[in-house]
Structure formats: C-alpha cells, structure tokens
Amino acid sequence: MSERTDFEQKLATEARAVEALLDQLLSSDIRADEIARPERLRAAMRHGVLNGGKRLRPFLVMESAALFDAPPQAALRVAAALECIHCYSLVHDDLPAMDDDDLRRGQPTVHKAFDEATAILAGDSLLTYAFDVICAPETAISDTAKVALVLALSRASGLGGMAGGQMLDIEAESRRPDEAGIIRLQAMKTGALIRFAAEAGAILSGASDEDRRRLRLYGEKIGLAFQLADDLLDLTADAATMGKATGKDAARGKGTLVSLHGEAWARETLSNLVAEAEALLAPYGIRASTLVAAARFVAERRN
Ligand code: GRG
C-alpha cells in the first residue's frame with residue numbers, strides 16, 4: 001500500500017476521532033455554569049463544524065503531541081478546540097459582509113442554512129468554546145500547559161494572527177500589497193493556525209524550547225505550502241471538487257504569490273518547502289514520518 005494511502009487512512013481515522021468528540025462537545029448536555037444551550041444556535045454550530053472537512057489542523061495537533069508522548073486524550077481535546085476556531089473562521093468568512101459564499105464543504109453555508117445573525121452567533125460561540133474546551137477539567141494536562149496553549153492560540157487567532165490577516169486581506173482588495181505584504185497577510189490569515197497546530201504538541205507535553213522552535217518552524221513551512229496549494233487550487237480546481245466557489249481571487253484581482261510568479265514557480269517552491277519541513281524534523285527520525293507525510297499531503301492536496 002502506498003505511503004499516500006496509509007497517510008490518508010490515518011488522517012481519516014483521526015478525523016473520525018475528533019468528530020466524535022466534537023459531536024459530544026456540541027450535544028444538548030448543559031455543562032457546569034452554563035444556563036441553557038439554545039437549540040437553534042447549537043444546531044447552527046453543529047452545521048458549521050460537523051459537515052466534513054479534512055480535519056488537517058486537528059491531525060497536526062495529535063501527531064505533534066504523539067511525537068512528544070503527550071497524553072492522547074488531552075491532545076484530542078486541544079485538536080477539537082482548534083477545529084472549533086477554524087470552523088468559526090469559515091462560518092464568518094462565508095458571511096455576506098466578508099466573502100459572501102453559499103457553499104462550504106459541499107453544503108449550504110451556515111447563514112444560508114440558518115440566517116446571518118445565527119451564523120454570527122455560531123461563530124462567536126465556537127470561538128469562545130475553544131478556550132472552554134482547553135481549560136475544562138476534562139483536559140488532563142497541567143494548568144501551566146493550559147495557559148501556554150491558550151496564550152499561543154489567542155495570539156494565532158486574533159489581532160496579530162488570523163483575524164488580523166483577514167483584515168489585511170479585505171484591505172488588499174483596494175490597496176494591493178507587494179510581495180512582502182502578501183506573504184505577511186497569508187502567514188496571519190492561514191498560517192498562524194497551522195503553525196499553532198504544529199507547535200501545540202510540544203506545548204502540551206512541556207517539550208524543550210528547541211523542540212517547540214522546530215515544530216513552530218515546521219508549521220510555518222507547511223502553512224506557507226498550504227496557502228500556495230490553496231492559491232493553485234483556486235486557479236485550477238472546480239467548485240464541485242473543492243466544495244466551495246473557486247476562481248474568486250482572480251475575479252477580484254486579488255494578488256497571490258501564484259499570480260505574481262506563476263504556477264511553475266509555485267510548484268517548485270512547494271517541493272522546496274516540503275524538503276525544508278522534512279529537514280526540520282530530521283532529528284526525530286522515523287518517529288516524525290507521519291508529520292513528514294503531512295507536509296507532502298498539504299503541498300499535493302487536491303481539495
Ligand atoms: C473571519 C476571522 C475570520 C477569518 C477568516 C480562514 C479564513 C480567515 C478565511 C478562509 C478563506 C480561505 C478559503 C482561506 C484559504 C485557506 C483556508 C483556510 C482554506 C480552508 O481550510 P481547509 O482546506 O478546509 O483546511 P476544511 O474544509 O478541510 O477544513
């Protein structure tokens with residue numbers, strides 16, 4: 001069986017595990033200090049979360065945690081928390097005030113299936129729930145590790161990370177950024193959560209600063225690769241394959257590294273990024289083989 005197939009099977013298995021936990025976390029059971037779980041809001045959150053998706057970020061959390069022998073159940077909860085933030089960003093990104101999309105993961109977007117106000121609240125609630133899930137007593141790691149995770153995830157998600165990157169992306173439609181500007185906005189909008197995913201395992205397990213630095217750099221490489229692959233797919237894939245509208249960057253005249261340098265450059269850069277990611281993981285030998293395969297998967301993905 002090819003490495004690719006083995007990797008995809010592992011990705012699917014871990015996706016099922018994180019989906020089972022997300023299903024449970026978004027059940028109607030009221031948690032301590034919650035007053036009620038309004039059914040319509042809960043249904044919208046479930047629609048935004050339990051609707052397919054590759055679950056790549058959770059996979060990176062679990063695999064980076066496994067590299068440092070972190071407790072798998074705690075890693076799964078951090079993975080689910082991160083997926084809540086990723087899904088919130090997609091729900092809000094699809095809103096009419098942002099990208100105005102009708103389709104996500106092949107299904108109606110949350111504001112189409114429900115309404116705009118409900119979609120805004122579903123995104124808000126997913127964002128806050130992520131921090132609840134990390135800090136809850138069921139996440140069996142030290143308080144020190146929880147605080148470090150919350151700090152890193154807040155910075156990856158907020159003003160200086162994903163939300164800030166989304167702001168720069170919106171501004172880029174009227175003020176076209178130069179190459180450095182494009183790299184920065186993409187590192188924030190898409191890269192920051194992926195970098196957190198890769199680093200989370202080292203944080204969870206209280207690994208050394210050097211381990212944390214290596215995983216963080218690995219995350220930066222694959223974050224860049226993820227965005228380059230996304231830009232290529234936006235140009236070349238169809239909406240049915242992607243489960244969302246494509247060709248939107250070109251239609252809006254939005255500059256990407258692919259539009260600046262061309263497809264051949266992008267493909268060469270992708271293979272260089274995979275090699276760099278692999279080199280960063282070399283000290284971990286065979287134990288890091290799944291993370292190496294993940295870098296390849298990100299660069300070669302078809303949807
Ligand atoms: C609204 C605060 C806020 C942020 C939105 C993530 C984001 C920022 C916008 C999404 C727009 C977009 C399509 C970006 C390209 C990269 C990306 C995040 C693609 C979707 O991620 P995948 O491919 O999706 O991992 P699945 O569905 O597999 O989870």
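Sparse packing is recorded around CG of L159, with 12 or fewer heavy atoms of other residues, nucleotides or ligands lying under 6.0 Å away. The environment of I286 atom CD1 is sparse: at most 12 non-hydrogen atoms of other residues, nucleotides or ligands sit within 6.0 angstrom. The local environment of CD in E268 is sparse, with at most 12 non-hydrogen atoms from other residues, nucleotides or ligands closer than 6.0 Å.
Residue L185 comes nearest to P177 through the heavy atom pair CD2-CG, 4.2 Å, listed as atom of the first residue, atom of the second, then distance. For G201 against A70, the heavy-atom pair with the smallest separation is O-CB, 4.5 Å. Nearest heavy-atom pair, R214 versus P283, reported as atom, atom and distance to 0.1 Å: CZ-CG, 3.5 Å.
A salt bridge does not link D94 with K112: every distance from a Lys NZ or Arg NE/NH1/NH2 to an Asp or Glu carboxylate oxygen is 4.0 Å or more. Between E83 and R55 there is a salt bridge, with a side-chain nitrogen of the basic residue lying less than 4.0 Å from a carboxylate oxygen of the acidic one. A salt bridge is absent between R31 and E34; no separation between the charged side-chain nitrogens and carboxylate oxygens falls under 4.0 Å.
Note on I141 and L215: separate hydrophobic clusters, where clusters join Ile, Leu, Val, Met, Phe, Trp and Tyr whose side-chain heavy atoms are under 4.5 Å apart, directly or indirectly. Placement of V110 and L41 in two distinct hydrophobic clusters is found when ILVMFWY residues are connected by side-chain heavy-atom separations under 4.5 Å, directly or transitively. Cluster membership for V61 and V147, using ILVMFWY side-chain heavy atoms within less than 4.5 angstrom, is not shared. Placement of V18 and L90 in two distinct hydrophobic clusters is found when ILVMFWY residues are connected by side-chain heavy-atom separations under 4.5 Å, directly or transitively. L67 and M62 are members of different hydrophobic clusters when ILVMFWY side chains are connected at heavy-atom separations under 4.5 Å.
Among residues two or more places apart in sequence or in another chain, the side-chain contact (heavy atoms from CB on, under 4.5 Å) test is passed with L217 by R213, E220, L280. Scanning for side-chain hydrogen bond (donor to acceptor under 3.5 Å, both in side chains) contacts around D115 gives R40, T118, with sequence neighbours left out.
Looking only at side-chain heavy atoms (C-beta outward), M167 and M188 stay at 4.5 Å or farther from each other.
Counting only residues at least two apart or in different chains, side chain to side chain donor-acceptor pair (under 3.5 Å) contacts with residues 177-188 comprise E179-H261, Q186-D231. Annotation: side chain to side chain donor-acceptor pair (under 3.5 Å) contacts involving residues 149-171, sequence neighbours excluded, comprise D93-Q166, D169-K189, D169-K254. Applying the side chain to side chain donor-acceptor pair (under 3.5 Å) rule to pairs touching residues 119-137 yields R37-Y129, sequence neighbours excluded. The stretch residues 16-62 participates, sequence neighbours left out, in these ring-ring contact (aromatic ring centres under 6.0 Å, His included) pairs: F7-F59, H47-F114.
The distance from the CG atom of L149 to the CZ atom of F131 is 10.5 Å, given to the nearest 0.5 Å. Of the inter-residue distances, the one linking Q227 atom CD with I194 atom CD1 reads 8.0 Å to the nearest 0.5 angstrom.
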Does the pair R77 and T139 meet the rule for a side-chain hydrogen bond (donor to acceptor under 3.5 Å, both in side chains), with working shown? CA-CA 7 Å; R77 288 183 63 87; T139 306; 2.6 Å; yes
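Remark: aromatic rings of Y218 and Y284 are distant, center separation not under 6.0 Å.
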